[in-house]
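Take a look at the structure set out below.
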Protein chains: 2
Amino acid sequence: MLDTAPQTYTRADEAFDCLQTAIVKGDLAPGDKIGELDLCSRFDLTRGPLREALGRLESRGLLVRRPHAGVRVVSLSASELVELYRIREVMEGLAARQAAERMTDQEIADLRATLDAHETMIDEAHGQAYYQAEGDYDFHHRIATGSRNTKLAQMLLGDLYYMVRMYRYRLSTSAGRPHRALGEHRRILEAIAQRDGELAEFLMKRHINAARKNIEKKIQEGVLTI
Amino acid sequence: MLDTAPQTYTRADEAFDCLQTAIVKGDLAPGDKIGELDLCSRFDLTRGPLREALGRLESRGLLVRRPHAGVRVVSLSASELVELYRIREVMEGLAARQAAERMTDQEIADLRATLDAHETMIDEAHGQAYYQAEGDYDFHHRIATGSRNTKLAQMLLGDLYYMVRMYRYRLSTSAGRPHRALGEHRRILEAIAQRDGELAEFLMKRHINAARKNIEKKIQEGVLTI
DNA sequence: CACGTCAACATTGTCGACAAACTATGCTGG
DNA sequence: CCAGCATAGTTTGTCGACAATGTTGACGTG
């Protein structure tokens, strides 16, 4: 009965997942014109389920489609990428506030354990990219679900995060950022643990604001070519 | 080349629009189990395009689908409806702020004209429901597009507004609310005209907050049965 | 030599039929 | 009389073929 446990996995779902991960991982680069037949042979699918999956992806904004002219992977401009972070700022701020009000003590404990794991991970990898790619995502993922706001979690997990991850793979992590980000995560967690929703919202907004500025800087430096 | 001018209208698009309006208008009530064959005969479509449209609607959260078991119109609980307004609050606050920074003078003039039209409309209809259903939507619509934030506008116009409108049709408008809402709209407009993004955001958030409280009151009164 | 036009091609959109899965009804047994 | 199971029926998921449209290349003309 839970939406996280789909008993039967349909072909269209399979196609959807395959394409989504392929786009996020960069196997299908932004701007690529992808033919339906190519995709069918690549993922061993038929065109029916594939087209259904394409429709879903298009609706989520990961693909753009022009009738009779094929489908392309969405290509965000630099400004559009920045705008994405502005949306994240307000939405995740809300998520943090509601999470502070609604997360169970158990969930908070788990989140703390997760951050501990991230810390050792960063130390071992000497601040390598892994944290930015997965650990950060994990933290924000838990906050979103912890908000107990179904639609909010759906929009964050289903739409925004995929788009962000899609470009994050190409962002070379700056040297000290993982450590600093972890510190910010810890402070957000403590605000949540103290059930201080207002503070949690403030800290989360500032956290994402910092990430946005980091990206803007890289764009100006020309490190990030879009 | 503009996305607002689709040269060719495909059958799937047609199906998508039909279903969306049918859901929003209430022809397909929340919780209804709808069979694919019924829909095909009702809208004179074939199952291929229909399924594609269903996939899109599902991805947007207007439908829920269980494999091999059919598709139902989403049925929001009272709390979920309220949560929707919390999301609107932060997202439209952002939209108002960015609109204040980016709308052209012409767009602002048009918006002002729109509000004038709404005023005469309300006076003529003695504060009838029409304003709540269409006029309010129009105002928020213009703010969203005026933000020049593609993804933000897409999420508001493509996702949230449809869900809100779907339940708004069942909300009997309270007597004095249209007039008060119009006043709030005017103040938001003036903040935008003065390019005061911060104020515009604050006023918009308060405006939607008021709408949320209005709904919460009605739910408590038992007027709104969900 | 450049531009516009036309035609063949490839790709997408659409359709109808087959196979798999869930639901419901009726039956049997306790 | 109620519970559980089996079977029939309906609905959904999937597939392959046909039709419509955009694209690309070549050709002729100004």
Side-chain angles (χ1 to χ4, degrees), chain A residues 1-20 22-23 28-75, chain B residues 1-20 22-23 28-75:
Chain A
M1 200 64 97
L2 288 166
D3 56 331
T4 55
Q7 310 86 335
T8 49
Y9 212 54
T10 177
R11 294 285 256 205
D13 293 331
E14 189 185 341
F16 182 76
D17 288 345
C18 284
L19 287 187
Q20 195 166 40
I23 293 172
L28 297 173
D32 273 9
K33 180 189 172 186
I34 52 185
E36 295 186 357
L37 296 174
D38 300 356
L39 294 176
C40 287
S41 57
R42 194 197 292 212
F43 296 113
D44 193 37
L45 290 163
T46 177
R47 281 184 58 215
L50 180 87
R51 282 181 62 81
E52 202 174 317
L54 289 178
R56 285 196 237 177
L57 268 310
E58 185 202 10
S59 176
R60 296 203 177 184
L62 262 65
L63 297 178
V64 289
R65 184 188 243 173
R66 226 173 30 178
H68 298 282
V71 55
R72 314 180 83 89
V73 179
V74 71
S75 170
Chain B
M1 199 66 94
L2 287 167
D3 57 330
T4 53
Q7 308 86 335
T8 49
Y9 211 55
T10 176
R11 293 286 257 205
D13 293 332
E14 188 186 341
F16 182 76
D17 288 346
C18 285
L19 286 187
Q20 196 165 42
I23 292 172
L28 297 173
D32 273 9
K33 179 189 172 187
I34 51 185
E36 295 186 359
L37 297 174
D38 299 356
L39 294 176
C40 287
S41 59
R42 194 197 292 212
F43 296 113
D44 194 36
L45 290 163
T46 177
R47 281 185 58 215
L50 180 86
R51 283 181 61 81
E52 203 174 316
L54 289 179
R56 283 196 238 177
L57 267 311
E58 184 202 10
S59 177
R60 296 202 177 184
L62 262 67
L63 298 178
V64 289
R65 183 187 244 173
R66 224 171 34 175
H68 298 283
V71 55
R72 314 179 82 89
V73 179
V74 72
S75 170

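Here is the naming used below: chain letters follow the sequence lines, and residue numbers restart at 1 for every chain.
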Legend entry - Contact under 4.0 Å: A:Arg51 side-chain N or O vs D:dT14 OP1/OP2: no
Legend entry - Rounded distance (Å) that lies between atom P of D:dG9 and atom CG of B:Leu37: 17 Å
Legend entry - Whole-Å distance separating the CD atom of B:Glu58 from the P atom of D:dG13: 9 Å
Legend entry - Closest approach of A:Arg11 to A:Leu45 (non-hydrogen atoms, all atoms of both residues): O-CD2, 4.2 Å
Legend entry - Separation of C:dA24 C1' from B:Lys33 NZ (nearest whole Å): 10 Å
Inset, instruction - Considering only NZ, NE, NH1 and NH2 on the basic side and carboxylate oxygens on the acidic side, decide whether A:Glu58 and B:Arg60 come within less than 4.0 Å. - result: no
Inset, instruction - Respond yes when some side-chain nitrogen or oxygen of A:Thr10 is under 4.0 Å from OP1 or OP2 of D:dT12, and no when none is. - result: no
Legend entry - Non-hydrogen side-chain atoms of A:Val73 and A:Leu62 separated by less than 4.5 Å: no
Legend entry - CA sep, side-chain torsions, deciding dist, call: A:Leu57, A:Val71, side chain to side chain contact (heavy atoms under 4.5 Å, CB included): CA-CA 10 Å; A:Leu57 268 310; A:Val71 55; over 6 Å; no
Inset, instruction - Could you check how far CD of B:Glu36 sits from C1' of C:dA21, rounded to whole Å? - result: 13 Å
Inset, instruction - Could you tell me the separation between the CZ atom of B:Arg66 and the P atom of D:dT12, rounded to a whole number of Å? - result: 12 Å
Inset, instruction - Answer yes or no: is there an ion pair linking B:Arg56 with B:Asp13, defined by an N-O contact shorter than 4.0 Å? - result: yes
Inset, instruction - Round to the nearest Å and state the distance from B:Glu52 atom CD to D:dT12 atom P. - result: 17 Å
Inset, instruction - Give the rounded distance in Å between these two atoms: CZ of B:Arg72 and P of C:dC22. - result: 16 Å
Report each atom pair, protein N/O against N/O of nucleotides 15-20 of chain D, whose distance is under 3.5 angstrom.
| from | atom 1 | to | atom 2 | distance (Å) |
| --- | --- | --- | --- | --- |
| D:dC15 | OP1 | A:Arg11 | NH2 | 3.4 |

Legend entry - Closest non-hydrogen atom pair, B:Cys40 against B:Leu50: SG-CD2, 3.9 Å
Inset, instruction - Report which part of the nucleic acid B:Leu54 touches: base, sugar-phosphate, or nothing (heavy-atom distance under 4.0 Å, all strands). - result: nothing
Legend entry - B:Phe16 side chain near B:Leu54 side chain, heavy-atom distance below 4.5 Å: no
Legend entry - Whole-Å distance separating the CD atom of A:Glu14 from the C1' atom of D:dG13: 13 Å
